[in-house]
Amino acid sequence: MKTITNPAYKLMHEGSIALAQVEANGIRIDTKYLDIAIRRTSNKIKHLSENLTHYKIYKRWKKKYGAKTNLGSHEQLAHILFTVMDYPCESFTKKEHKPAADEANLKSTKLKFVAEYLELEKLKKARSTYLRGILRETTDGYMHPNFPLHFVQSYRGSSRNPNFQNMPVRNPKIAKLVRQAFIPRENHHILEIDFKGAEICCSACYHEDPKMIKYIENPRLDMHRDLAGEIYLLKKKQISKMIRFASKSFFVFAEFYGDWYKNCAKSLWEGIDELNLKTTDGVPLKKHLRDNGISELGACDVDKQPEVGTFEAHLKRVEYAFWNKRFRVYNQWKKDWWEAYQEKGYFETLTGFTIAGNLDRKQAVNYPIQGSAFHWLLWSLIKLQKEMNRRKMKSLIIGQIHDSIVGDIHKSEIDEYLEIVREIIYEKIRKHWKWIIVPLTVEVEMAPLGKSWYEKEEVKIWTKN
DNA sequence: AAACAGTGCGCG
DNA sequence: AAAGCGCGCACTGTTT
């Protein structure tokens, strides 16, 4: 067993050098804004905390814990809600088997106190991990996060001090609060390029499922939309963007990573209310499902078969068709790959890394895909930076987020930069790695001149849809 | 005071 | 048969 091939070694070596330059470049931070944002957020936190103390629940909390009462203690709150006040508890912690204090479990009480508490917690997270974290790591207006390559089991990269790869983006308010701090250099744009469906494309290079390849090759096909149709019993034109999003994140990706229908049914069902899903003709999704004979989620009990007519039972069939009809070849690959790993105790990725150790089934089939998809990005970043250096460009690469590259690009170099990117991703990478059997595409997002990372918007240049 | 385990949450 | 992959960071509560 060879643990690493020469090309794999070279990739890590050159990758480390390229990322060292990225670290040295650093990211410009608006420290004045950060100071104001921290102050403003602190005021909100103070106000919200004070407000919580007027609730009856807080009085019970105080009675139970006295001087030890701590609004920051999830454990205390969960104990008050689920043990003292006896609200039905849907989940428990893994090791200690105490009532869980995560957002979903707390929210299930539907208490106003809890809603305000969660809002407070979001702000606290934004302030401590992000606003203060960024400020702490910034000197002379620049922050230099690390991008190590030698910590992750799957041979992905990571980021630390601070982690540049988990800056808020999904919650618009928190995203704005934090990402406004990231600004370009004078006369530059923040510009991000993002591999489209990197892990899905990469998986196809392993399993070569013809249906998956078709989805990737034909821009008029859309697997998330198709699955949304099956999951929610909709016609193509009824599927809104948000419905597609729910199908993609709560079913398709979850299934690819190894989740199953009972979990997916829950998150899909809860997602309907949380995302306020409606068909494009304005019909609330739960009403639509009711009209089609599905009016309940079902128990989703691990030990029980789903009840006929429930959403859970429906999703069981969708899952079956997903793996045994639609992506049958992928399914078979997973089985074969797992068998081979059990036989040998290791496997080799398409990029030349051997992965050994005690892996479970999901890890064994996910690692090669996750690792190799990142290696596409890393290889591209190395090429891109070398070319930028050769041309002595003013533009800089300032970060990497698994399948995207964040650049601080001079206004006079945008076209040039994008042309280099295009050549690498649309041409060179497939010449370098002959096993890439699907076309690779990237999306481009850019903020207006001088504007923050928060203000990035998609730039349509190479994609036709 | 420092270290540790456990939990939760931000991202891909 | 089992039942979501990979990270980093902050915080609580306990132990050293």
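Just so it is clear, the values below take in all heavy atoms, side chains as well, and ignore hydrogens, waters and symmetry mates.
The distance from atom CD1 of A:Ile200 to atom C1' of B:dG12 is 13 Å, rounded to the nearest whole Å. Whole-Å rounding puts the A:Tyr206 OH to C:dC5 P distance at 18 Å. Atom pair A:Phe164:CZ and B:dG10:C1' shows a separation of 14 Å (rounding to whole Å applied). Separating the CZ atom of A:Phe147 from the C1' atom of B:dG12 is a distance of 13 Å, rounded to the nearest angstrom. Atom CD1 of A:Ile405 and atom C1' of B:dG12 are 14 Å apart (whole Å). Atom pair A:Ile401:CD1 and B:dG10:P shows a separation of 16 Å (rounding to whole Å applied). Taking atom NE2 of A:His375 as the reference point, atom P of B:dG12 lies 19 Å away to the nearest angstrom. A:Glu255 has its CD atom 10 Å from the C1' atom of C:dG4, to the nearest Å.
Taking the six-membered ring for Trp, A:Phe82 and A:Tyr87 have ring centres at least 6.0 Å apart. In this structure, A:Phe164 has its ring center no closer than 6.0 Å to that of A:His144. The ring of A:Tyr330 has its center closer than 6.0 angstrom to the ring center of A:Phe256.
Side-chain N or O atoms of A:Asn105 include one that pairs as donor or acceptor with a backbone N or O of A:Glu90 at under 3.5 Å. A distance-only check finds no donor-acceptor pair linking the side chain of A:Asn25 to the backbone of A:Leu396 [under 3.5 Å].
Sorted by residue number, the list of members of residues 315-340 of chain A with any non-hydrogen atom under 4.0 Å from DNA chain B is empty. Of the residues in residues 85-111 of chain A, none lies under 4.0 Å from DNA chain C by heavy-atom distance.
Separation of the P atoms belonging to B:dG10 and C:dA2 is 32 Å when rounded to the nearest angstrom.
The ring of A:Tyr257 does not lie on top of the base of C:dG4; it is either too far (5.5 Å or more) or too tilted (30° or more).
With respect to A:Lys122 and A:Glu119, no salt bridge is recorded, no charged nitrogen being found less than 4.0 Å from a carboxylate O. Ionic pairing of A:Lys107 and A:Glu270 is not present here: no N-O contact between side-chain nitrogen and carboxylate oxygen is shorter than 4.0 angstrom.
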Could you walk me through whether A:Glu348 and A:Thr5 satisfy the side-chain contact (heavy atoms from CB on, under 4.5 Å) test, starting with their C-alpha distance in whole Å, then the side-chain angles of each, then the deciding distance to 0.1 Å, before giving a yes or no? CA-CA 10 Å; A:Glu348 194 176 308; A:Thr5 62; 3.8 Å; yes

Can you list the steps and then say if A:Ser452 with A:Arg179 is a side-chain contact (heavy atoms from CB on, under 4.5 Å)? CA-CA 7 Å; A:Ser452 78; A:Arg179 288 189 177 225; 5.6 Å; no

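Remark: A:Asn263 is in phosphate contact with C:dG4, judged by side-chain N or O atoms under 4.0 Å from OP1 or OP2.
A cation-pi arrangement is not found for A:Arg317 relative to A:Phe322, the charged atom failing to lie both closer than 6.0 Å to the ring centre and inside a 45° cone about the ring normal. A cation-pi arrangement, defined by a distance under 6.0 Å to the six-membered ring centre and an angle within 45 degrees of its axis, is absent between A:Lys248 and A:Phe245. Within the cation-pi definition used here (under 6.0 Å to the ring centroid, within 45° of the axis), A:Lys334 qualifies as a partner of A:Trp323.
The partner of C:dG4, taking Watson-Crick or G-U wobble pairs whose two distances both stay under 3.5 Å, does not exist in any strand shown.
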Would you mind building the protein contact string for nucleotides 6-16 of chain C? One character per nucleotide, 5' to 3', B for base within reach (heavy atoms under 4.0 Å), S for sugar-phosphate only, - for untouched. BSBSSSSS---

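Contacts of A:Val169 with the nucleic acid, taken as non-hydrogen atoms under 4.0 Å apart, involve only primed sugar atoms and P, OP1 or OP2.
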